[in-house]
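All ligand and atom numbering here is 1-based and tracks the order in the structure. Note that the structure is predicted; figures quoted are calculated from it, not measured.
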Amino acid sequence: MATPEQYDFIALGGGEPAKLLAWDLSSKHGKKCAVIEHGPISGACPTVACMPTKTLLHSAQLAHLARQVQASAPGAASSDFKADMAKVFTRKQEVVDGMADLFLGIFADTKAELIRGHGELVGPKTISCNGRLLTAETVLINTGSKAFVDTTIPGLADANPLTHVELLDIKTLPSHLIILGGGYVGIEFAQAYARFGSRVTVIERNAQILAKEDSDVVTELTRILSREGIEFLTSTSVTHVSGTSGSEVTLTLSNPTPGTAPTTISGTHLLVAAGRTPNTSNIGLAAAGITLTPTGHIAVDTQLRTSVPGVFAGGDCAGSPYFTHMGWDDYRVLLGVLTGAPRETGTAGRQVPSVLFTTPELAHVGLREGEAKKKGVGYRVVRAPMGAFLRARALGATEGFAKALVEEKGERILGFTALGPGAGELLPVVQLVMKLGLSYRELVDLTIVHPTMAEGLVDLFRSVPSSSK
Ligand SMILES: Cc1cc2nc3c(=O)[nH]c(=O)nc-3n(C[C@H](O)[C@H](O)[C@H](O)COP(=O)(O)OP(=O)(O)OC[C@H]3O[C@@H](n4cnc5c(N)ncnc54)[C@H](O)[C@@H]3O)c2cc1C
Ligand SMILES: NC(=O)c1ccc[n+]([C@@H]2O[C@H](COP(=O)([O-])OP(=O)(O)OC[C@H]3O[C@@H](n4cnc5c(N)ncnc54)[C@H](O)[C@@H]3O)[C@@H](O)[C@H]2O)c1
C-alpha cells in the first residue's frame with residue numbers, strides 16, 4: 001500500500017460540522033485540514049434542503065399574495081394566477097449558487113482543502129479518494145442522510161418518484177402532486193406547490209400529519225392548510241404504485257376505516273417524503289471497525305466519539321436530530337473536544353428547537369403536552385390565540401395560537417409551541433429563559449417593543465394559571 005498523505009484533520013462528507021471544523025482548525029489553529037465531498041458544495045442544507053426549500057416557500061408566499069391581490073381587484077370574481085416556475089427555479093438556483101460561492105471563498109481564505117470525490121475508509125483513519133490515500137490524526141464522518149424510498153411497496157421505486165432533490169430541480173408546475181409522507185419535508189412542499197397552483201394530496205400513514213406534535217396544534221395547522229386546498233389522506237397506506245412520476249402515477253391505498261378513503265388515487269407527480277436513511281453504507285465503516293446502531297447510524301458517545309479512537313461522527317449520520325442547527329451544535333461539541341476544552345455534557349440534554357416553515361410557522365422547543373402526559377410530568381399549561389399577539393392583528397394573520405408548559409410546582413418553562421406568523425423568531429428568548437433555568441416571570445418582566453410578535457409572550461406568560469387545574 002502506498003504511503004498515505006498525512007493531515008491533522010480530514011472530514012469524510014462535507015456537511016455542517018465538517019466544513020466549520022475544517023475552516024476553524026485550519027485558520028485559527030494552524031492545522032492541515034481537508035474535506036472530502038462527492039456532491040455539491042457543501043452539504044445538503046445550502047444545496048438541496050433548508051435554503052432552497054425556504055427560498056421556494058418564500059416564492060410561494062409571494063404567489064399566494066399575488067393571487068389574493070388579483071382576486072381582490074374591483075370586479076374580479078376570482079384569480080387564475082399561476083406561478084412562473086422557470087423564474088421560481090432561477091431564484092432558487094441563484095440562492096444555492098450564491099451559497100456555493102460563499103463557501104468556496106471561505107475554503108480559499110482558510111486554506112482548508114476541499115477534495116471533490118467519493119471517499120471511503122480503507123482502515124481506521126485512512127481514506128481512499130480519487131486514487132489518493134489520505135490519513136489524519138483526527139477523522140470526522142459527516143456523510144448526512146438521504147430520502148428513504150420504501151422498496152417493499154410494490155412499484156414505488158419503478159415509478160421513478162421524486163425526492164426533494166429532484167423536485168427542487170423541476171421547472172414546470174406539476175398538475176397534481178401526490179406527496180407520500182406528512183412530515184416536515186412533505187408539509188413544506190405541500191404548501192409551496194399548492195400556492196404555486198398545483199393540486200396537492202398528502203398521504204400519511206399515521207392518524208395525523210406531524211406525528212410528534214400535539215393534536216390541538218396539528219388540528220389547527222391541518223385546518224389552515226386544507227383551506228388552501230391541500231388534501232390530506234391520513235391513516236392511509238400505499239399498497240401498490242403504477243405508472244411513472246412526471247406523466248401519470250396511480251397509487252392503491254388502504255385505510256383501516258372502510259369508506260373513508262378512495263382505493264386509488266392518480267396524479268402527475270409523486271414526491272417521496274417518508275423519512276430519511278443515514279448515509280452509512282459504502283463508506284468502509286466495517287473496514288475501519290466503526291460500529292453502527294440498530295437504526296444504521298454511526299454509534300457515538302456524548303462527545304461524538306465513535307468506537308475507533310480518533311474517529312468522530314456528527315450530523316444526521318451520527319443520529320443527531322435531523323436539523324442543520326443540531327449539526328452546528330455538533331461542531332461546537334467537536335471543537336471543544338479537539339481543542340482541549342470539551343463541553344462537559346457534550347450532546348446530552350441539549351435543546352432541540354424546531355420550526356416548520358409553513359405560513360403560519362410552527363415553532364417548538366422543549367416538552368410537548370402529549371409527551372408530558374405520557375411521561376407523567378406534572379405541568380401547568382397556558383394558551384393564547386394569535387389574536388392576542390397584536391402584531392398578528394396588524395399583519396392580518398391571527399390564525400393559530402401559542403401555548404407553554406410550566407412546571408406544576410416550580411416556575412421553570414418546560415416547553416413552548418407557537419403556530420403563527422414568524423413564530424420561529426419567538427423561540428430564542430424562550431430558549432434562553434429555559435436554558436438558564438429562570439422563572440417564566442423573568443419574561444413577564446421584560447419590556448418588549450410594541451407591536452412586535454415577541455411582546456405577545458408577556459401576555460402569554462402572565463396568564464400562567466396558579467395550578468394545573
Ligand atoms: C427538504 C429538506 C429541508 C430541510 N430543511 C431544514 C431546515 O429548514 N432547517 C433545518 O435545520 N434542517 C432542515 N433540514 C434538515 C437538514 O438539511 C439536515 O439535518 C442537515 O443538512 C444535515 O447535515 P449533515 O451535516 O448531517 O450532513 P449533510 O448536509 O447531508 O452533508 C453530508 C455531505 O456528505 C457528502 N457525502 C456523503 N457520503 C460521502 C462520501 N462517501 N464521500 C464524499 N462525500 C460524501 C454528501 O454529498 C453531503 O454533501 C431539511 C432537510 C430536507 C431534506
Ligand atoms: N424546517 C425544518 O427544519 C425541516 C424541513 C424538512 C426536513 N427537516 C428534517 O428532515 C427530517 C426528515 O423529514 P421527512 O419529512 O422526510 O421525514 P419525517 O420523519 O419528518 O416524516 C415522514 C412522514 O412520512 C410518514 N410515512 C412514512 N412512510 C410512509 C408510507 N409508506 N405511507 C404514508 N406515510 C408514510 C411518516 O409517518 C412520517 O409522518 C425531519 O424529521 C426534520 O428533522 C427539517
Side chain or backbone, does Ser237 bring an N or O within less than 3.5 Å of an N or O on ligand 2? no

When you look for heavy atoms under 4.0 Å from ligand 2, do you find them on the side chain of Val355, its backbone, both, or neither? backbone

Once rounded to the nearest 0.5 Å, what's the spacing between atom CG of Leu167 and atom CG of Leu56? 7.5 Å

At under 4.0 Å between heavy atoms, is it the side chain or the backbone of His164 that contacts ligand 2, or both, or neither? neither

Does Asp316 offer a backbone N or O that forms a donor-acceptor pair with the side chain of Ser145 under 3.5 Å? no

Please state which protein non-hydrogen atom is closest to atom 33 (C) of ligand 2 and give its distance, to 0.1 Å? Arg205 N, 3.3 Å

Under 3.5 Å, is there a donor on one side chain and an acceptor on the other for Thr417 and His364? yes

Closest non-hydrogen protein atom to atom 25 (C) of ligand 2, residue and atom name please, with distance? Glu204 OE1, 3.2 Å

Contact atoms of ligand 1, heavy-atom distance to His118 under 4.0 Å: 40 (C), 41 (N), 42 (N)

To the nearest 0.5 Å, how far apart are CG in Asn279 and NZ in Lys146? 4.5 Å

Closest to atom 15 (O) of ligand 2 among protein heavy atoms sits Val185 N, 2.9 Å

Any idea which atoms of ligand 1 are less than 4.0 Å away from a heavy-atom of Arg276? 53 (C)

So His325 and Phe323, would you call those rings parallel, tilted or perpendicular, with 30° and 60° as cut-offs? parallel

Relative to the heavy atoms of Ile283, which atoms of ligand 1 are at a distance of less than 4.0 Å? 41 (N)

Describe, in one word, how the ring planes of Trp23 and Phe107 are oriented to each other, choosing from parallel (under 30°), tilted (30 to 60°) and perpendicular (over 60°). perpendicular

Which protein non-hydrogen atom lies closest to atom 32 (N) of ligand 2, naming both residue and atom, and how far is it? Leu180 CD1, 3.4 Å

The protein heavy atom nearest to atom 5 (C) of ligand 2 is Glu188 OE1, 3.5 Å

Within reach of ligand 2, part of Ala273 (heavy-atom separation under 4.0 Å): backbone

Could you tell me whether a side-chain N or O of Gln303 sits under 3.5 Å from a main-chain N or O of Arg343, the two making a donor and an acceptor? yes

Heavy-atom proximity to atom 4 (C) of ligand 2 ranks first, among Tyr184, Phe357, Phe189, Tyr322, for Tyr184

Does a side chain donor of either His297 or Thr280 reach within less than 3.5 Å of an acceptor in the other side chain? no

Protein heavy-atom partner closest to atom 21 (O) of ligand 2 - residue, atom, separation in Å: Gly183 CA, 3.3 Å

Could you check whether Thr90 and Gln93, counting side-chain N and O atoms only, form a donor-acceptor pair closer than 3.5 Å? no

For atom 31 (N) of ligand 2, the closest protein heavy atom turns out to be Ile153 CD1, 3.7 Å

Near His325, which atoms of ligand 1 are under 4.0 Å from a heavy atom of that residue? 11 (O)

Could you tell me the residue and atom name of the protein heavy atom closest to atom 19 (O) of ligand 2, and the distance to it rounded to 0.1 Å? Gly275 CA, 3.9 Å

Does Ala318 come within less than 4.0 angstrom of ligand 1, counting non-hydrogen atoms of the residue? no

Side chain, backbone, both or neither: Asn206 near ligand 2, heavy atoms under 4.0 Å: side chain

